[in-house]
Amino acid sequence: LAAALGREFSYEQLRSVSSQSQTQLRLALDKLQHAQLIFRATSSPEPAYTFKHAIIRDAAYRSLLKNKRQQIHQRIAQVLEKEFPETEQTQPELLAYHYQEAAVNVKAISYWQRAGQRAVEQSANNEAIVHFQRGLELIKTLPDHAERTQKELSFQISVGAPLVMTKGYGAPEVEKAYGRARELCREMGEARQLFTALRGLWVFYLVRAEYRIAHELGGRLLTIAESDQNSSFQMEAQMALGIPLFYLPDIVGCRTHLDRAVAIYDPDRHRSHAFLYGQDPGIATQGFRAWMLGLLGLKDQAIKT
């Protein structure tokens, strides 16, 4: 049971998943300590333990039959949800792991997504990618095509931003994630998530200096934004149209679109875009706008921006 919990485990967690009495459990733990197989890591009121070596934990874990192991992992996950509800917020990856090992894949996928998003919000982008990729692997096991497609789309959209942050805007992995998301949107007829997929491809082509493709994608973003009557989409679309024009160059056109984006931008409403797209649209827009105003000879306005 301890090995299924992990290299480190608390007495409370072990007690919760064990069918033994507290007296039996404490005696068993004392024997393991006396044999120097585990050590007590913290004292009361809630003692915690750790295996002396990972190989000891692995040997104990491998001694379990597969079916028994799955039952234990499911029991652990259910206990963590019920008796340690804070785990859902603080360690969703732990619940994802136990449900995955229990072969309860739908719940595991849900928790891998929560874990990935939590890591993104903490700027732990490498961890986020690992969590999202584990979820994507599990999604392949889902029998229902529609559910599989919807979940994959959500994961491909989510993994885009941390890939940008770790690999770079123009990395092939970024194009692959957002390109796959675009395919899934077309398959499902999904417009709102198509916007995010195209926005990801836009910055990929922009950074790779394919400005006309980027500008074309900006036009498609604006079409979606106007159809959806979504001001947040409109702000992103105006930025996506304006920035490529800075390079093409069309400075007047660039100013028109960037001014529109700035007029819509609200820091409180749009700050979360940094987690979704990998950058704050207000900062990006104002940065290009300052350069553009400088090129137009409007030094004072450029400095103020």
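Basis for what follows: all heavy atoms, side chains included, without hydrogens, waters or symmetry-related copies. Small disclaimer: the values here were computed from a predicted structure and weren't measured.
For S110 (side chain) and V106 (main-chain N/O), no donor-acceptor pair under 3.5 Å exists by modelled atom type.
Crowding of Q89 atom CD: a count of heavy atoms from other residues, nucleotides or ligands under 6.0 Å not exceeding 12. Counting heavy atoms of neighbouring residues, nucleotides and ligands inside a 6.0 Å radius, atom CZ of R7 exceeds 12 of them. By the 6.0 Å contact criterion, CD on E86 is enclosed, its count of non-hydrogen atoms from other residues, nucleotides or ligands being greater than 12.
Using a 4.5 Å heavy-atom cutoff, the side chains of W202 and I213 are not in contact. Residues T285 and Y265 form no side-chain contact, since every pair of their non-hydrogen atoms from C-beta on lies 4.5 Å or further apart. Looking at E175 and Y205, their side chains come closer than 4.5 Å, going by heavy atoms from C-beta outward. The side-chain heavy atoms of Q117 and V120, taken from C-beta on, include a pair separated by under 4.5 Å. Between N230 and F195 the shortest side-chain heavy-atom distance does not fall below 4.5 Å. A heavy-atom distance below 4.5 Å is not found between the side chains of V17 and I72. Taking 4.5 Å as the limit, some side-chain heavy atom of R255 sits within range of a side-chain heavy atom of L293. Between L241 and T256 there is no side-chain heavy-atom pair separated by less than 4.5 Å.
Nearest heavy-atom pair across L221 and A237 is C-CB, 3.7 Å.
Note: L245 CG to L258 CG = 8.5 Å, rounded to the nearest 0.5 Å. Within the model, atoms CZ of F246 and SG of C254 stand 6.5 Å from one another, a figure rounded to the nearest 0.5 Å. Here the straight-line distance linking atom CZ of R182 with atom CG of L184 works out to 11.5 Å at 0.5 Å rounding. Between the CG atom in L80 and the OG1 atom in T87 there is a gap of 5.0 Å [rounded to 0.5 Å]. Rounding to the nearest 0.5 angstrom, the gap separating the CD atom in Q100 from the CZ atom in R134 is 7.0 Å. Distance check, rounded to the nearest 0.5 Å: CE of M239 to CG of L222 gives 13.0 Å.
A side-chain contact (heavy atoms from CB on, under 4.5 Å) with C185 is found for exactly one of T196, L153, L198, I157, namely L153. Paired with E88 under the rule salt bridge (Lys or Arg N to Asp or Glu O under 4.0 Å), one option of K107, K82, R114 passes, and it is R114.
Side-chain polar atoms of T305 and Q286 form no donor-acceptor pair below 3.5 angstrom. For S154 and Q113, the side-chain atoms include at least one donor-acceptor pair closer than 3.5 Å. Between the side chains of R212 and H215, not a single donor N or O lies within less than 3.5 Å of an accepting N or O. Of the N and O atoms on the side chains of S10 and R15, not one donor lies less than 3.5 Å from an acceptor on the other residue. Side-chain atoms of Q78 and Y99 form no donor-acceptor pair, as typed in the model, at a separation below 3.5 Å. Side-chain atoms of T141 and N105 form a donor-acceptor pair, as typed in the model, at a separation below 3.5 Å. Looking only at atom types and distance, the side chain of E173 has no donor-acceptor partner in the side chain of Y178 under 3.5 Å away. Looking at H257 and Q238, their side chains do bring a donor and an acceptor atom within 3.5 Å of each other.
Stacking of R199 on the aromatic ring of F204 is not recorded, the 6.0 Å distance cut-off and the 45° axial limit not both being met.
Below 30°, between 30° and 60°, or above 60°: for Y49 and F9 the angle between ring planes is below 30°, a parallel geometry. Taking the six-membered ring for Trp and thresholds of 30 and 60 degrees, Y247 and F288 have ring planes more than 60 degrees apart, a perpendicular arrangement. Ring orientation note: the planes of Y97 and H73 are nearly perpendicular, at an angle over 60° on the 30°/60° scale.
Scored by the ring-ring contact (aromatic ring centres under 6.0 Å, His included) test, F84 finds no partners at all (sequence neighbours excluded).
A salt bridge between R186 and E183 is absent, with no side-chain N of the basic residue lying under 4.0 Å from a carboxylate O of the acidic one.
By the rule that hydrophobic residues join a cluster once side-chain heavy atoms approach within less than 4.5 Å of another member, V130 and V174 end up as members of separate clusters. Hydrophobic clustering (side-chain heavy atoms under 4.5 Å, transitive across Ile, Leu, Val, Met, Phe, Trp, Tyr) groups M188 together with F155.
A ring-centre distance under 6.0 Å is not found for H98 and Y111.
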**Test log, rule side chain to side chain donor-acceptor pair (under 3.5 Å), inputs R269 and S231** = CA-CA 10 Å; R269 289 179 56 208; S231 63; 2.8 Å; yes
